[in-house]
Amino acid sequence: MTTPKKIETYAVNTWCPGCGNFSILTSIRKVLANLSNEGFDLHRVAMVSGIGCHAKIVDYVDVNTFYSIHGRVPPAMTGIKLANPDLTVIGHSGDGDAYGEGVEHLIFSAKRNIDLTYIIHNNRVYGLTTGQFTPTSPTGFKGRSTPMGSPEEPLNPIELMIASGATFVARGFSGKIKQLQDLIRAAIDHKGFSFIDVLQPCYTFYDTYNFYRERVYEFTGQEHDASDRTAALAKAGEWAYREGERIPIGIFYQVERATYEETLLRGRIPVKLSPKDIRPVLEKHI
Amino acid sequence: MTTPKKIETYAVNTWCPGCGNFSILTSIRKVLANLSNEGFDLHRVAMVSGIGCHAKIVDYVDVNTFYSIHGRVPPAMTGIKLANPDLTVIGHSGDGDAYGEGVEHLIFSAKRNIDLTYIIHNNRVYGLTTGQFTPTSPTGFKGRSTPMGSPEEPLNPIELMIASGATFVARGFSGKIKQLQDLIRAAIDHKGFSFIDVLQPCYTFYDTYNFYRERVYEFTGQEHDASDRTAALAKAGEWAYREGERIPIGIFYQVERATYEETLLRGRIPVKLSPKDIRPVLEKHI
Amino acid sequence: MKEISILIGGKAGDGIRQAGQTVSTLLNRIGYRIFFYDDYPSLIRGGHNFSIIRASEKRIIAHKDSVDIIVALNKDTAEKHKSRLNAEGMILYDSKAVDTEGVGIDFMQIVKQLDGLPIMRNTAAIGALAKVLGIEWPVVERVMKDTIEKQVALNLNIAQLAYEKVGTSRFVIEKLDQKSLPLVSGNEAIALGAVRAGLNMYIAYPMTPASAILHYLAAHEDDLGVVTVHPESEIAVALMALGAAYAGARSMVGTSGGGFALMTEALSLAGQGEFPVVFIECQRPGPSTGVPTYTMQGDLSFVVHAGHGEFLKVVLAPGDAEEAFYLTGLAMNLAWKFHIPTFVLSDKHLSESIFSFAADPDKIKPEPPLIWDGQGKYKRYLDTQDGISPLAFPGDPAATVKVTSYEHDEYGITTEDPDQIARMQEKRLRKKEGLIDELAKNEQVKIYGNRESKTVLLCWGSTKGACIEVAEQLGLKVVQPLVLKPLPIDPLRQALSDADMIIGIEVNATGQLAKLLSGHGFGIDHMILRYDARPFTVDGLLDKVKEVIS
Amino acid sequence: MKEISILIGGKAGDGIRQAGQTVSTLLNRIGYRIFFYDDYPSLIRGGHNFSIIRASEKRIIAHKDSVDIIVALNKDTAEKHKSRLNAEGMILYDSKAVDTEGVGIDFMQIVKQLDGLPIMRNTAAIGALAKVLGIEWPVVERVMKDTIEKQVALNLNIAQLAYEKVGTSRFVIEKLDQKSLPLVSGNEAIALGAVRAGLNMYIAYPMTPASAILHYLAAHEDDLGVVTVHPESEIAVALMALGAAYAGARSMVGTSGGGFALMTEALSLAGQGEFPVVFIECQRPGPSTGVPTYTMQGDLSFVVHAGHGEFLKVVLAPGDAEEAFYLTGLAMNLAWKFHIPTFVLSDKHLSESIFSFAADPDKIKPEPPLIWDGQGKYKRYLDTQDGISPLAFPGDPAATVKVTSYEHDEYGITTEDPDQIARMQEKRLRKKEGLIDELAKNEQVKIYGNRESKTVLLCWGSTKGACIEVAEQLGLKVVQPLVLKPLPIDPLRQALSDADMIIGIEVNATGQLAKLLSGHGFGIDHMILRYDARPFTVDGLLDKVKEVIS
Ligand SMILES: Cc1ncc(C[n+]2csc(CCOP(=O)(O)OP(=O)(O)O)c2C)c(N)n1
Ligand SMILES: Cc1ncc(C[n+]2csc(CCOP(=O)(O)OP(=O)(O)O)c2C)c(N)n1
Ligand code: SF4
Ligand code: SF4
Ligand SMILES: [Mg+2]
Ligand SMILES: [Mg+2]
């Protein structure tokens with residue numbers, strides 16, 4: 001049996017005590033262990049991360065990983081998936097990574113509906129660079145680049161993802177680890193672009209743990225029809241990453257449509273292609 | 001009196017006969033001429049463009065212009081506006097420019113609500129590079145990079161902009177020049193980020209003129225409450241840049257909120273700032 | 001007459017490039033070797049386009065300013081280019097549009113008479129030209145049928161009517177007893193070279209003058225067994241290519257200077273993470289947007305030094321279609337042998353000109369990289385003697401493959417330990433020795449012209465064509481390095497050691513190859529630089545070289 | 001004793017850097033000159049951080065491996081650094097956490113006793129250290145009051161209790177009769193230099209080791225009269241800076257290698273469009289993410305050659321805080337005088353180390369650029385004799401200002417005309433002459449040590465500190481170019497001409513300055529390279545130089 005423990009590496013964990021990233025790590029290890037125990041070969045998993053505290057997760061999980069660069073997780077994942085669509089590709093990004101530096105790639109992944117799972121460790125702060133505001137920090141957030149307070153309103157990534165065409169859009173909370181595991185599993189099982197915004201308190205620079213604990217509520221498919229786009233947008237609007245009393249966590253939106261790799265590859269698997277003779281093509285040039 | 005003619009340069013126009021860009025040029029010249037006749041000094045206008053057929057517009061309008069690079073119109077505009085908020089800054093981009101290469105900047109401009117007017121010449125094709133699909137091309141579009149048809153679904157920029165926080169979101173059609181002028185004028189008058197997606201047939205690579213002519217309908221504030229976000233999103237959903245029978249053109253969404261430059265600059269005007277003595281600050285270092 | 005140069009000019013949208021290509025095919029079919037140059041501004045309709053087709057019995061890879069025939073579809077063409085005509089030269093013109101001397105035919109009238117489309121004026125021009133050249137009608141008919149996609153019969157009729165309107169042939173181009181060769185552009189040769197070396201995925205964002213690689217591969221995906229991807233930006237392109245390489249696919253990207261600038265962050269990642277990726281950089285005149293549809297050799301220094309930090313890289317600079325083919329194949333194989341980013345540096349003049357292509361497809365084979373033997377625990381960055389760590393790919397049921405942008409240990413886990421850092425940096429840089437040996441197995445420096453001459457024309461890339469002919473005429477020697485990083489010092493020294501005068505010839509304003517070489521003690525005596533966004537022509541360069549050596 | 005080195009170590013989150021800074025301030029207040037080095041891994045809590053405070057009667061700008069006192073807040077510190085201790089050295093340690101020889105005090109016990117927070121252990125350590133050094137209590141009290149922001153009384157009590165717990169002073173650091181200087185980091189000096197030269201807007205995306213420029217300017221916006229902006233990415237940063245410059249604001253950006261890579265497209269635009277912008281590039285070990293909180297001089301080649309196409313650029317490389325201050329001011333003034341992008345190349349070691357700062361603020365003034373005289377029609381790219389076109393800005397009621405990324409005519413309208421292209425390229429490159437003259441008015445190459453020596457230590461940037469001391473000890477000469485592009489050939493030749501042996505000393509693996517110079521005939525005889533992501537120390541380098549010259 002694969003235990004989550006078996007998917008550990010020897011790397012020393014350097015997250016701050018109390019960091020929300022630990023729960024995400026626990027969850028992903030657990031989901032992978034379950035997959036393995038169900039007979040899925042974990043060698044078919046490829047994990048990609050950006051740069052930031054979140055990104056260290058790839059050093060702590062003993063599967064194939066690509067520790068990439070800040071903001072570029074989606075195209076790295078896309079390259080892997082297109083080259084070998086047999087792989088299950090899972091990405092981890094920070095909010096700075098995914099919603100700031102590289103938000104264009106996020107939008108295009110959603111638009112294309114490429115079959116990837118993308119987990120955002122959204123602590124609403126740049127952790128590793130010691131506490132600047134990010135695209136989801138609330139207005140007025142006092143970070144090291146904005147000592148007078150952030151002059152911007154936060155993005156609502158849930159809404160943005162639905163508007164961009166993602167087919168699986170969820171929000172989790174690192175403090176609700178059981179649900180988080182279910183969300184990650186559902187995201188992996190979903191065929192198409194699966195997006196999970198995980199509310200992840202940064203103990204050191206933006207400790208939102210109590211804020212969330214008091215406000216989050218889980219919802220399920222029974223209370224919310226995730227296939228209804230209008231309902232999904234409405235639910236996404238319940239909390240806009242500002243103040244607010246109730247923060248829904250669960251699957252906002254889930255539908256099926258053709259994936260990018262299906263349409264683009266037409267059954268071809270690039271890593272298995274061999275070059276053809278060029279002579280017939282050259283003939284046409286005469 | 002300033003006539004649109006007076007705002008011409010000596011540059012030879014090199015758009016294809018029949019190109020939708022001509023109407024946009026006529027419209028902007030007309031709006032500027034009107035502004036001038038109302039006493040506004042056109043030297044306070046700064047126009048920015050990207051790269052593409054659309055971008056040539058800056059060579060044809062005799063005001064201050066910054067012919068920038070592909071995809072980067074919003075940050076160039078932002079730099080100008082922040083440096084001198086007394087300027088009226090107007091941007092022109094192509095759909096490749098604004099929704100592809102540089103879509104991250106579009107989203108951040110909306111999020112920040114910086115007071116700019118941004119006009120997208122959306123011909124749903126890369127014109128200047130001779131006809132590849134763009135983020136708003138319909139699925140299956142056969143361009144030079146996708147001879148088998150585009151494998152992606154189009155973005156809906158109207159929805160994306162509302163989701164990102166823009167406070168003025170409109171769609172025009174180069175074939176409805178009177179309304180287009182009104183939209184541009186309203187966008188300039190609006191305090192905050194004003195976005196107009198202009199449906200612009202590319203006569204050479206994607207001639208959508210008849211398609212639009214048969215489908216567009218103008219709507220006004222009387223039929224649609226542009227201050228209602230839910231209504232705006234619903235209206236944006238009426239046509240998703242695919243097939244469809246009716247294409248609404250008009251102002252989808254318009255609300256007021258604090259602008260980026262107000263919040264960030266706190267009344268300061270960078271071009272008028274002078275450096276302060278650093279000695280008092282140095283004292284604190286002892 | 002065994003050589004002829006023809007200029008065809010008109011407005012963008014008149015189908016000038018296509019007409020020129022058809023004329024090239026005509027001459028190709030009767031045994032000539034072709035060089036085809038295309039000159040067009042950055043616009044879609046209007047403006048002034050022209051092509052020069054030079055055909056010769058012998059292999060040629062350059063054009064001349066002077067021409068024998070001008071085919072003028074508009075007034076501009078006649079006026080702008082009249083001065084190029086050789087003494088015996090003539091203008092074939094559209095008599096409705098142009099008023100000049102020569103052979104005037106009302107092309108539009110012919111088109112109208114047969115209910116053709118305005119664009120078919122160029123078909124008429126081709127028909128008339130064929131007759132002027134004395135090419136037999138059946139040849140014309142065959143070429144038309146092979147090259148025209150729509151309304152073949154109508155086009156044939158138009159061509160034939162125009163053919164007949166020309167009374168007598170002015171230049172009788174004799175049929176040669178040579179096998180026709182494929183006509184291939186630099187970009188096509190790059191695409192084909194990559195395919196031969198095992199290309200699986202070509203990923204690119206359109207940018208002149210690299211776009212045609214994407215278009216060509218996209219159009220031939222199934223013929224060639226390649227997947228093409230057009231993503232949202234060059235940044236996405238580069239990261240996708242790295243992702244694909246990590247997964248085991250041979251990937252290549254192509255762009256021009258501005259797009260490449262956006263890839264430099266990923267390039268450095270390829271250096272740290274040891275990703276095999278091929279970059280095609282097709283230069284155009286900068287800085288910035290510059291003059292996008294013209295040519296310049298202006299990005300050499302940038303490409304050679306691009307990327308933060310220190311890592312290995314190969315830069316190859318082909319000068320004609322065959323070199324483009326072979327060197328792209330080499331770039332792919334080197335990338336996979338050494339797990340490094342490799343470059344093919346082209347420019348508009350090479351990428352978009354068309355050549356008679358005599359390369360041997362079998363000379364390029366995908367060389368298998370060193371694959372992990374499955375023993376023990378897999379370590380992606382195993383510290384080996386030659387620095388090359390065996391490869392495994394995600395999906396391998398025995399390996400866990402960890403790649404990273406951070407400095408790392410052998411397994412791929414982040415490290416900040418000073419010894420580990422120094423050791424890994426050494427491991428990566430150590431590959432240079434093997435790389436240099438491997439490169440030495442290939443021709444790295446080419447020599448043309450009079451090998452005994454003590455006057456050397458030193459050039460690189462697309463400038464070679466003009467240099468070779470000038471050298472042949474003046475009895476000089478040409479030295480052309482194919483490898484620009486790492487510089488092939490010994491072969492260069494050999495090639496240049498007995499020179500009395502080295503003349504550096506480059507299409508840029510600062511002499512970038514000369515600068516590169518100066519770091520290795522090679523002194524250049526004279527520079528002939530052209531930086532008006534046009535390539536050197538044989539006759540243009542001839543004058544300049546004469547000035548220098550006289 | 002007129003010099004002392006103290007190492008303070010603990011876990012990230014123990015407040016090591018802050019404690020080190022307080023100790024620096026203590027020693028500064030009693031007249032010492034300070035060099036402060038900070039060593040920390042890329043994590044927020046845990047791991048191992050240490051700072052070295054070196055204090056001396058004389059100006060110093062480097063640290064040593066060996067230290068006199070180790071303040072160990074944890075076991076790691078004692079174990080890892082014990083071997084650094086000088087013969088007379090001692091360890092002051094937290095007796096609960098560490099078991100070693102020296103002076104052990106139970107810091108946590110003191111904190112607990114006074115109901116302090118765990119982080120206040122470092123306050124206790126400072127108090128104890130002050131006593132060990134024999135610094136009078138009132139000095140400690142004053143410094144604590146000046147530097148601590150929260151709970152001053154509590155901290156004072158903790159410090160005092162620890163102060164008292166140390167029986168006798170082991171090192172009596174005598175008070176010097178020197179004026180205390182401001183303690184300024186390289187990054188702060190860059191910020192202040194820019195402000196003095198008229199900085200209006202600082203635009204940056206956080207990236208170690210450049211982030212502190214942003215933090216510092218953001219924290220002092222109103223004191224210094226500057227607007228700071230933190231946008232979505234480095235690409236946005238660069239374009240905003242260009243937009244701001246176009247509008248007439250003096251703008252500056254700052255980043256490290258990976259972020260700079262993303263700016264190279266905009267850099268080329270600055271070249272074509274003639275935008276005055278200052279780039280700060282603070283190097284860290286690459287390639288790619290590399291070792292983000294450590295140091296390397298690995299981006300010189302990249303920065304010098306960055307950007308597609310050919311355009312003018314200035315690269316300045318300060319080696320201490322004063323140079324950082326002056327050269328940033330110079331970079332700003334040159335950018336606006338010549339309408340070109342200019343660079344200040346720093347690295348982690350310069351940017352994050354802290355120096356006693358003796359620069360004269362009045363030596364930098366914002367020099368007014370050449371402004372249009374309002375006559376006739378304004379042409380942004382007027383082709384003048386020196387290549388410099390007078391400036392006007394949007395909003396000027398008499399000028400229409402057109403800037404562009406395309407090749408253009410004088411008014412700024414796109415051109416594809418060959419003559420125009422060549423002319424404009426020449427206009428831009430012609431500015432180089434004036435630039436070289438202007439640079440020549442400044443000290444471009446510094447010489448230290450024994451000016452008569454025929455053995456030269458050739459270095460650049462932050463490596464100078466260690467080189468100077470080594471040279472002083474061995475009687476050698478140090479040559480440090482401040483300007484790396486355009487290379488100050490004549491001053492370099494003067495400085496190096498009579499050398500018998502030139503030893504290149506760089507913190508990188510390939511000797512990048514040496515390579516730059518080799519293009520100009522400067523031969524380097526030996527290289528001493530360090531590339532384990534750590535800077536040279538005085539004693540470490542001394543050994544290496546001795547090896548070479550022995
Ligand atoms: C191109 C580039 N710019 C900047 C950085 C510096 N950097 C490293 S991590 C980071 C922010 C990370 O924030 P986020 O993505 O929210 O991750 P977190 O640390 O909060 O998990 C930044 C700006 C970088 N590595 N690369
Ligand atoms: C970084 C970069 N990549 C690619 C290009 C090439 N390029 C020039 S225009 C263009 C597309 C323009 O399409 P769009 O923005 O829709 O404008 P249009 O021509 O349709 O008006 C491209 C890809 C470029 N100039 N810069
Ligand atoms: S800084 Fe924040 S996000 Fe980073 S490890 Fe610490 S608690 Fe977690
Ligand atoms: S290619 Fe299309 S967009 Fe460009 S000028 Fe022609 S018609 Fe207009
Ligand atoms: Mg974060
Ligand atoms: Mg377009």
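So that the names make sense, note that chain A is the first sequence line, chain B the second, and so on, each numbered from 1.
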Practice item. Please flag which part of A:Leu87 lies under 4.5 Å from any non-hydrogen atom of chain C: side chain, backbone, both or neither. Key: side chain
Revision key, fill the gap. One option among C:Ala398, C:Ala194, C:Gly273 has the most heavy-atom pairs under 4.5 Å with chain A, and it is C:Ala398
Point to revise | A:Phe66, part contacting chain C, at a heavy-atom distance under 4.5 Å | key: both
Mind listing the donor-acceptor pairs under 3.5 Å that bridge chain A and chain C?
residue, atom, partner, partner atom, Å
A:Tyr10, OH, C:Asp409, OD1, 3.4
A:Tyr10, OH, C:Asp409, OD2, 2.6
A:His43, O, C:Gly395, N, 2.9
A:His43, ND1, C:Pro397, O, 3.1
A:Val58, O, C:Lys402, NZ, 2.9
A:Asp59, OD2, C:Thr414, N, 3.3
A:Asp59, OD2, C:Thr414, OG1, 2.6
A:Val61, O, C:Lys402, NZ, 2.6
A:Asp62, OD1, C:Tyr411, OH, 2.6
A:Val63, O, C:Lys402, NZ, 3.1
A:Asn64, OD1, C:Val401, N, 2.7
A:Thr65, N, C:Tyr246, OH, 3.1
A:Thr65, N, C:Val401, O, 3.0
A:Thr65, O, C:Tyr246, OH, 3.3
A:Thr65, O, C:Val403, N, 2.9
A:Thr65, OG1, C:Lys402, NZ, 3.1
A:Tyr67, N, C:Val403, O, 2.9
A:Tyr67, O, C:Ser405, N, 2.9
A:Ser68, O, C:Ser405, OG, 2.8
A:His105, ND1, C:Glu232, OE2, 2.8
A:Arg112, NH1, C:Glu232, OE1, 3.1
A:Arg112, NH2, C:Glu232, OE1, 2.7
A:Arg266, NH1, C:Asp222, OD2, 3.1
A:Arg266, NH2, C:Glu221, OE1, 2.8
A:Arg268, NH1, C:Glu221, OE1, 2.9
A:Arg268, NH1, C:Val226, O, 3.2
A:Arg268, NH2, C:Glu221, OE1, 2.9
A:Pro270, O, C:Asn200, ND2, 3.3
A:Leu273, O, C:Asn200, ND2, 3.2
A:Lys276, N, C:Leu224, O, 3.4
A:Lys276, NZ, C:Asp222, O, 3.0
A:Arg279, NH2, C:Asp362, OD1, 3.4
A:Arg279, NH2, C:Asp362, OD2, 2.9
A:Lys284, NZ, C:Asp223, OD2, 3.4
A:His285, O, C:Leu183, N, 2.8
A:His285, ND1, C:Leu183, O, 2.8
A:His285, NE2, C:Tyr216, OH, 2.7
A:Ile286, O, C:Arg29, NE, 3.3
A:Ile286, O, C:Arg29, NH2, 3.0

Point to revise | All pairs passing salt bridge (Lys or Arg N to Asp or Glu O under 4.0 Å) where residues 237-248 of chain C contributes a residue, at least two apart | key: none
Practice item. Under 4.5 Å heavy-atom distance to chain A, tell me which part of C:Val226 shows up: side chain, backbone, both or neither. Key: backbone
Review point. With chain A, which of C:Gly395, C:Pro394, C:Ala247, C:Ala249 has the greatest number of heavy-atom pairs at distances under 4.5 Å?
Key: C:Pro394
Check your understanding: Which atom pair, heavy atoms only, marks the closest approach of C:Gly243 to A:Ile80?
Key -> O-CG1, 3.4 Å
Review point. If you count heavy-atom pairs under 4.5 Å between each of C:Pro397, C:Ala197, C:Gly248, C:Ala245 and chain A, which one has the most?
Key: C:Pro397
Check your understanding: What are the two closest heavy atoms between C:Pro182 and A:Leu282, and how far apart are they?
Key -> CB-O, 3.6 Å
**Study point:** Other residues, nucleotides, ligands: >12 heavy atoms within 6.0 Å of C:Phe393 CZ
**Key:** yes
**Study point:** Atom pair CE/CG of C:Met240 and A:Leu82 - distance to nearest 0.5 Å
**Key:** 6.5 Å
Practice item. Would you please name every residue forming a side-chain contact (heavy atoms from CB on, under 4.5 Å) with C:Ala335, sequence neighbours left out? Key: C:Pro276, C:Val278, C:Thr342
Exercise for review: Identify which part of A:Leu265 has an atom lying under 4.5 Å from any heavy atom of chain C, answering side chain, backbone, both or neither.
Suggested key: side chain
Exercise for review: Output all residues satisfying side-chain contact (heavy atoms from CB on, under 4.5 Å) with C:Ala238, sequence neighbours left out; order by chain, then residue number.
Suggested key: C:Met263, C:Ala266
Review point. Which pair of non-hydrogen atoms, one from A:Leu273 and one from C:Gly225, has the smallest distance, and what is that distance?
Key: CD1-O, 3.5 Å
Check your understanding: Just wondering, do C:Pro366 and A:Pro275 contact through their side chains at under 4.5 Å, heavy atoms?
Key -> yes
Study note, to complete from the structure: chain A shares the most heavy-atom pairs under 4.5 Å, among C:Gly198, C:Ala399, C:Gly412, with C:Ala399
Review point. Are any of the side-chain heavy atoms of A:Ile286 and C:Leu183 separated by less than 4.5 Å?
Key: no
**Study point:** Contact origin within A:Val12 toward chain C - heavy atom pairs under 4.5 Å
**Key:** neither
Practice item. Could you look at A:Pro280 and say if it's the side chain, the backbone, both or neither that has a heavy atom under 4.5 Å from chain C? Key: neither
**Study point:** Portion of A:Ile51 that has a non-hydrogen atom of chain C nearer than 4.5 angstrom
**Key:** side chain
**Study point:** Part of A:Val58 within contact of chain C (heavy atom distance under 4.5 Å)
**Key:** backbone
Review point. Taking all non-hydrogen atoms of both residues, which atom of C:Met201 and which atom of A:Pro270 are closest, and how far apart?
Key: CG-CB, 3.7 Å
